[in-house]
Amino acid sequence: MGNPNEAMRIGYPCVNRSIGCTASSTFRLASYSEERVEAAVSSNLSCLSRMLGYNLRAGLLFFRISSDTVPFASHPVCRFDWRGRFRKELKEIGALAKDNGMRISMHPDQFTLLNSQDEGITERSIRELEYHCALLDAMNLPRSAKVQIHAGGVYGDKESASARFVERYKKLPSAIRKRLVVENDERLYSVKDLLAISGSCGIPVLFDSFHNECLNTGEKAADALRAAMDTWSDADSLPMTDYSSQEPGGRFGKHAEHIDIAHFRRYIRRTEGLDFDIMLEIKDKERSAIKALALARRMGRI
DNA sequence: CCATGTCAAGGTCAC
DNA sequence: GTGACCTTGACATGG
């Protein structure tokens, strides 16, 4: 269950609201040109570098890179050799992360569906995964830099949909398999469903604590977390997890705008003795992450 | 210059 | 069967 010699890390996804740049700049497909991609990637990488510097100074050693870093990278329209053009910048960012013990991850969005009934959708999804893994490879990051997806749709029959996921996972190129992990969602696939999938193909299960609050099979959160952690090997580094809480007054399943510090304290207390990395999926990003880190330090967990 | 509608991609659910 | 919703920041357009 991960390498016990590492300290836990806390981080936030994709966007920093303090430093005044974005690493997710993109444009409309209709206005696609090689010049636009190059300009966007150039600006995104320089901002990403600044964000990692900020995170390092703040002690936030876990960060999710935006899928928009290279806009349209997996789209057929894109012929741009971004790996060649930004070779140096990508390596520098990777070195910055590695040299400082930072963990990097990515999360392709809801359109990435390995288990679709439509082979074309699966094919496009695999191209999307190839892009994500190629970006992390170009940064020279180790296999602990993971790419997380959800199990996909149910299509009226979860068992066969799960079997399709397993079958397709097994056929993936090793460059993808070594990074891919699967995360429980809030409506369709519980931790228990994913443990079954993992049992059939070995994919690590990423525990999302908030989704697990929304959808579970009655077990204690710490038990579900422990079971998910057991699917990670030492080579994968510490298990990754997502954390959030319900936005008060918001629709069921809506992520909080700001950290509910009492809720987070309970979570840290209930998971005592377990070491895992925590990605805070909270709207105000680094602001809540800084508070969470301070609390985890006071509680002696980090 | 600001406000508002829109953006590559799929699936589910309410109606 | 159709359309709203998911989730989301940032682009693009129109006033």
Side-chain angles (χ1 to χ4, degrees), chain A residues 12-33 35-48 51 63-80 106-132 147-158 160-162 164-165 168 182-190 193 208 210-211 214-215 242-247 250-258 279-288:
Chain A
Y12 62 96
C14 305
V15 171
N16 178 297
R17 296 184 186 282
S18 313
I19 65 177
C21 69
T22 170
S24 324
S25 73
T26 180
F27 49 87
R28 296 289 186 263
L29 180 58
S31 52
Y32 182 92
S33 73
E35 291 70 32
R36 286 295 296 264
V37 194
E38 183 174 12
V41 176
S42 173
S43 146
N44 288 341
L45 291 182
S46 96
C47 182
L48 174 56
M51 290 198 286
F63 190 69
R64 182 187 298 164
I65 294 178
S66 168
S67 293
D68 275 336
T69 303
V70 184
F72 303 106
S74 74
H75 193 283
V77 78
C78 181
R79 318 288 307 165
F80 178 58
M106 295 188 79
H107 190 350
D109 71 21
Q110 59 190 335
F111 305 107
T112 304
L113 296 159
L114 214 47
N115 77 345
S116 174
Q117 293 177 307
D118 178 333
E119 302 258 346
I121 290 168
T122 301
E123 228 168 86
R124 289 191 284 281
S125 297
I126 292 172
R127 277 208 295 277
E128 181 73 351
L129 293 175
E130 270 165 357
Y131 149 62
H132 282 77
V147 172
Q148 65 191 83
I149 58 171
H150 293 289
V154 166
Y155 313 98
D157 178 0
K158 196 183 279 180
S160 67
S162 297
R164 218 157 41 236
F165 183 98
R168 288 174 183 167
V182 68
E183 173 195 355
N184 58 306
D185 64 76
E186 78 281 28
R187 296 175 304 136
L188 304 174
Y189 287 87
S190 67
D193 294 326
D208 184 308
F210 181 39
H211 292 163
C214 297
L215 176 72
D242 284 351
Y243 169 85
S244 188
S245 61
Q246 174 69 37
E247 169 65 12
R251 171 196 52 79
F252 174 81
K254 184 173 165 60
H255 292 260
E257 286 293 330
H258 186 66
M279 177 67 61
L280 261 73
E281 290 191 317
I282 296 181
K283 299 287 168 71
D284 67 1
K285 308 289 179 180
E286 77 282 2
R287 185 159 164 251
S288 285

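Proteins come first, then strands; the chains are lettered A, B, ... in the order of their sequence lines, and each starts at number 1. The figures that follow rest on heavy atoms only: side chains count, while hydrogens, waters and symmetry mates do not.
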Quiz prompt | Electrostatic pair R168(A):E119(A) at N-O distance under 4.0 angstrom | solution = yes
Quiz item: Does K283(A) put a side-chain nitrogen or oxygen below 4.0 Å from OP1 or OP2 of dT8(C)?
Solution: yes
Quiz prompt | From dA8(B), dG10(B), dC11(C), nucleotide with atom closest to R124(A) side chain | solution = dG10(B)
Quiz item: Which nucleotide in the set dT12(B), dG10(B), dA10(C) lies at the smallest distance from any side-chain heavy atom of R187(A)?
Solution: dT12(B)
Quiz item: Taking atom types as modelled, is there a side-chain donor on T69(A) or N44(A) under 3.5 Å from an acceptor on the other?
Solution: no
Self-check item: Heavy-atom closest pair, residues P13(A) and F63(A)
Solution: C-CE1, 4.3 Å
Quiz prompt | side-chain N/O R28(A) vs dG5(B) OP1/OP2, d < 4.0 Å | solution = no
Quiz prompt | Taking every non-hydrogen atom, the tightest pair across M51(A) and A23(A) | solution = CE-CB, 3.3 Å
Exercise. In sequence, state the C-alpha distance, the side-chain angles, and the governing distance for L215(A) and Y189(A), and then conclude on side chain to side chain contact (heavy atoms under 4.5 Å, CB included).
Key: CA-CA 8 Å; L215(A) 176 72; Y189(A) 287 87; 5.7 Å; no
Quiz item: Can you name the closest pair of heavy atoms from G253(A) and Q246(A) and give their distance?
Solution: N-OE1, 2.9 Å
Quiz item: Can you tell which of dG10(B), dA8(B), dT12(B) lies closest to the side chain of I121(A)?
Solution: dG10(B)
Self-check item: E128(A) side chain to T112(A) side chain, donor-acceptor N/O pair below 3.5 angstrom
Solution: no
Exercise. In sequence, state the C-alpha distance, the side-chain angles, and the governing distance for H255(A) and F210(A), and then conclude on ring pair (Phe, Tyr, Trp, His ring centres under 6.0 Å).
Key: CA-CA 8 Å; H255(A) 292 260; F210(A) 181 39; 5.3 Å; yes
Self-check item: Any S24(A) side-chain nitrogen or oxygen under 4.0 Å from OP1 or OP2 of dT8(C)
Solution: no
Quiz item: Taking atom C1' in both dA4(C) and dT6(B), what distance in whole Å separates the two?
Solution: 16 Å
Quiz item: Taking the six-membered ring of Y155(A), is NZ or CZ of R164(A) closer than 6.0 Å to its centre and within 45° of its axis?
Solution: yes
Practice problem: Could you measure between the two C1' atoms, the one in dA8(B) and the one in dC11(C), and give it in whole Å? | Solution: 14 Å
Self-check item: Pairwise P distance for dT8(C) and dA3(B), with rounding to whole Å
Solution: 23 Å
Exercise. Determine which bases of DNA chain C form Watson-Crick or G-U wobble pairs with both distances under 3.5 Å, and write the result as a 5' to 3' dot-bracket string with | for other-strand partners.
Key: ||||||..|||||||
Quiz prompt | Minimum-distance nucleotide (side-chain atoms of D109(A) versus dA8(B), dG11(B), dA9(B)) | solution = dA9(B)
Quiz prompt | Shortest side-chain distance from H75(A), nucleotide among dA12(C), dA8(B), dT12(B) | solution = dA8(B)
Protein N or O to nucleotides 2-4 of chain B N or O, pairs below 3.5 Å:
none

Self-check item: Short side-chain N/O contact to dA12(C) OP1/OP2 from S31(A), under 4.0 Å
Solution: yes
Exercise. Look at T26(A) and dA10(C) and indicate whether a side-chain polar atom (N or O) is within less than 4.0 Å of OP1 or OP2.
Key: no
